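The block underneath contains the structure these notes are about, expressed in structure tokens.
Fair warning: this is a prediction, and the values are worked out from it, not measured in the lab. Both backbone and side-chain heavy atoms feed into the values below; hydrogens, waters and symmetry mates do not.
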Amino acid sequence: MSNLNASIAASPSIGAPGYDGMPTSAPLPVLRVPMLDRERQLFAYEVVFHREPGDEQTLLQCVLSTITDGALTRLVRGNRAFLNMPAELLPEDSDVLLHQPRLGVVLQPDVANDAPLMKRLQQMAQRGCQFMLDASGVDLESSLSLETLLQMVQLVRLDASHLTPQRLKEHAEHLHLRGIQVVAGHVNDHPTYERCLELPFEAIQGRYLLIPQPVAVPVLTANRLSMLRLMRVLQESNPGPVELGNIVRDDAVLSYKLLSCVNSAYFALPRQLKSVQQAAIFFGVTRMRNWIDTMSMCGMDDRPPELLRAALIRAHMCEKLATGMPNGYPEMAFTVGLFSLLDTLMCAPMEFLLTHLRLVPEISDALTGRGGPFAPLLKQIIAWEAGELTSEHAVPQRIQRMATIYLGATQWADQVFASAGGKSASA
């Protein structure tokens with residue numbers, strides 16, 4: 001294992017000590033789902049916990065432990081976050097949540113029919129706990145108990161995939177006039193996203209972020225063409241350490257970001273690397289080629305930061321899932337994950353972009369959906385992102401492995417993105 005990989009494996013994650021102080025055998029399967037504001041910056045994360053029927057008490061203990069030891073705060077980088085967990089699992093002693101003012105809870109409408117639970121939630125609200133009502137599939141004017149719930153929550157999330165445009169508009173405007181912040185949820189295409197921008201939503205959440213926007217004629221800026229040319233040279237020329245250093249030598253910004261990242265305290269290298277050539281010798285040319293691609297993509301400051309983070313997470317997950325495949329495959333898998341969102345980042349069709357890159361068939365086939373050895377890995381990751389990797393589709397061991405890989409990938413992506421942008425990991 002390289003020093004880089006060793007440092008990642010040793011880094012903390014939500015494989016937290018249990019609530020009783022005993023270590024858990026595996027990390028808590030969890031997914032962070034961003035909500036973006038109108039400027040496409042992070043508004044908050046929704047933290048979704050994977051659970052199976054009958055494991056509610058175990059889930060509660062794991063969630064509490066990750067809050068108390070700070071692992072959950074690290075996962076969301078100290079940003080505002082809402083925990084999506086059954087409200088009936090909220091502890092009687094809610095101090096663990098009240099001591100974390102940036103952590104709130106997602107509530108389902110049916111809690112309005114549970115009088116004892118509503119009393120506890122009201123007490124938590126009075127003490128400052130933040131709540132977001134997920135109003136999917138309900139009539140917000142249906143009952144007095146639901147009205148009581150609306151008076152208690154700070155945010156309401158509407159389901160943009162089920163409400164008609166007119167009803168979505170009516171609900172959003174009504175809630176906004178009441179002083180409640182409104183979030184558009186399940187925004188899974190760009191026409192719906194554009195409609196939501198015209199309404200008083202504080203944030204928008206959905207798969208639209210990862211889907212390329214249809215364009216009649218792709219147009220690439222000079223900076224993006226330059227980035228594609230760099231990526232093509234790296235793929236075609238098979239450079240050695242000296243050649244690799246020469247390729248990026250004239251790009252002072254890229255060289256600086258690259259060396260800043262590999263020399264950051266996060267990776268705890270035994271000595272400082274002073275040139276790209278030294279880094280290529282230390283890490284290997286193939287890995288450094290991937291790092292140059294990564295730093296180049298992180299320089300796309302006109303794209304949503306959470307989209308860039310998603311590409312980094314996919315890259316790391318693909319590489320880890322390819323462990324055990326033939327030599328060279330993990331590095332190619334990294335490229336598959338990193339480039340899997342290139343069409344969304346570049347606002348151009350994938351087939352068009354591939355004409356500029358000339359990737360090996362194993363990579364290009366995975367990116368275009370034609371198959372190959374990496375297509376199943378990318379499919380697994382997309383299913384994980386969508387929360388579709390459940391016990392109905394996968395054995396527990398596979399879910400736990402994906403949870404471990406995902407948590408490592410989020411931490412890695414956050415640190416790399418922060419180093420590339422010269423910002424703190426909490427940005």
Side-chain angles (χ1 to χ4, degrees), residues 31-49 76 79-87 102-114 117-118 121-122 124-125 129-211 213 304 306-307 310 385-388:
L31 184 69
R32 70 181 193 192
V33 185
M35 308 173 201
L36 304 188
D37 64 19
R38 306 177 73 82
E39 284 71 46
R40 301 187 299 177
Q41 299 300 310
L42 183 66
F43 175 79
Y45 282 118
E46 178 182 12
V47 180
V48 182
F49 300 96
V76 300
N79 290 290
R80 189 182 194 184
F82 290 88
L83 313 184
N84 192 327
M85 58 183 290
R102 298 187 69 78
L103 294 183
V105 179
V106 178
L107 298 180
Q108 300 301 320
D110 57 5
V111 303
N113 302 317
D114 187 330
L117 179 56
M118 280 292 288
L121 294 175
Q122 287 175 324
M124 292 176 67
C129 188
Q130 298 278 302
F131 293 117
M132 178 171 69
L133 172 63
D134 183 3
S136 302
V138 298
D139 184 352
L140 292 174
E141 303 170 359
S142 62
S143 70
L144 181 61
S145 58
L146 193 58
E147 173 60 29
T148 303
L149 191 57
L150 285 173
Q151 293 175 4
M152 184 175 63
V153 302
Q154 291 76 32
L155 300 95
V156 171
R157 180 169 59 194
L158 301 177
D159 188 341
S161 68
H162 282 84
L163 291 172
T164 65
Q166 182 59 32
R167 290 295 285 168
L168 185 65
K169 180 176 184 293
E170 291 172 357
H171 284 321
E173 291 177 346
H174 174 70
L175 291 165
H176 179 71
L177 288 173
R178 292 187 56 167
I180 299 175
Q181 293 184 316
V182 195
V183 175
H186 301 281
V187 180
N188 298 324
D189 58 71
H190 288 280
T192 303
Y193 173 73
E194 294 297 330
R195 287 199 301 272
C196 289
L197 289 177
E198 299 174 357
L199 301 176
F201 286 113
E202 294 292 330
I204 301 174
Q205 180 184 28
R207 298 289 295 174
Y208 79 92
L209 179 65
L210 306 179
I211 297 174
Q213 188 167 3
E306 289 303 315
L307 176 58
E385 290 174 346
E388 295 172 353

Below 4.5 Å, heavy atoms only, C-beta onward: do Cys196 and Leu168 meet side chain to side chain? yes
Between CG of Leu36 and CZ of Phe201, what distance do you get to the nearest 0.5 Å? 14.5 Å
Which residues share a salt bridge (charged side-chain N to carboxylate O under 4.0 Å, His left out) with Asp159, sequence neighbours left out: none
Quick check: do Val183 and Leu158 have side-chain heavy atoms less than 4.5 Å from each other? no
Considering residues at least two apart in sequence or located in another chain, which fulfil the ring pair (Phe, Tyr, Trp, His ring centres under 6.0 Å) criterion with Phe49? none
Arg157 vs Val106 side-chain heavy atoms within contact, under 4.5 Å: yes
Examine distances only and state if a side-chain atom of Asp37 and a backbone atom of Phe43 form a donor-acceptor pair shorter than 3.5 Å. no
Would you say His190's side chain and Ile211's backbone share a donor-acceptor pair under 3.5 angstrom? yes
To the nearest 0.5 Å, how far apart are CD in Gln151 and CD1 in Ile180? 8.5 Å
Between CG on residue Leu133 and CG on residue Leu107, distance to nearest 0.5 Å: 6.5 Å
Which pairs with one or both residues in residues 170-191 pass salt bridge (Lys or Arg N to Asp or Glu O under 4.0 Å), sequence neighbours excluded? Glu147-Arg178, Arg167-Glu170, Lys169-Glu173
Side-chain contact test, heavy atoms from C-beta onward, threshold under 4.5 Å: evaluate it for Thr148 versus Gln122 and give yes or no. yes
Glu194 side chain to Tyr208 side chain, donor-acceptor N/O pair below 3.5 angstrom: no
Glu202 side chain vs Val182 backbone, donor-acceptor pair below 3.5 Å: no
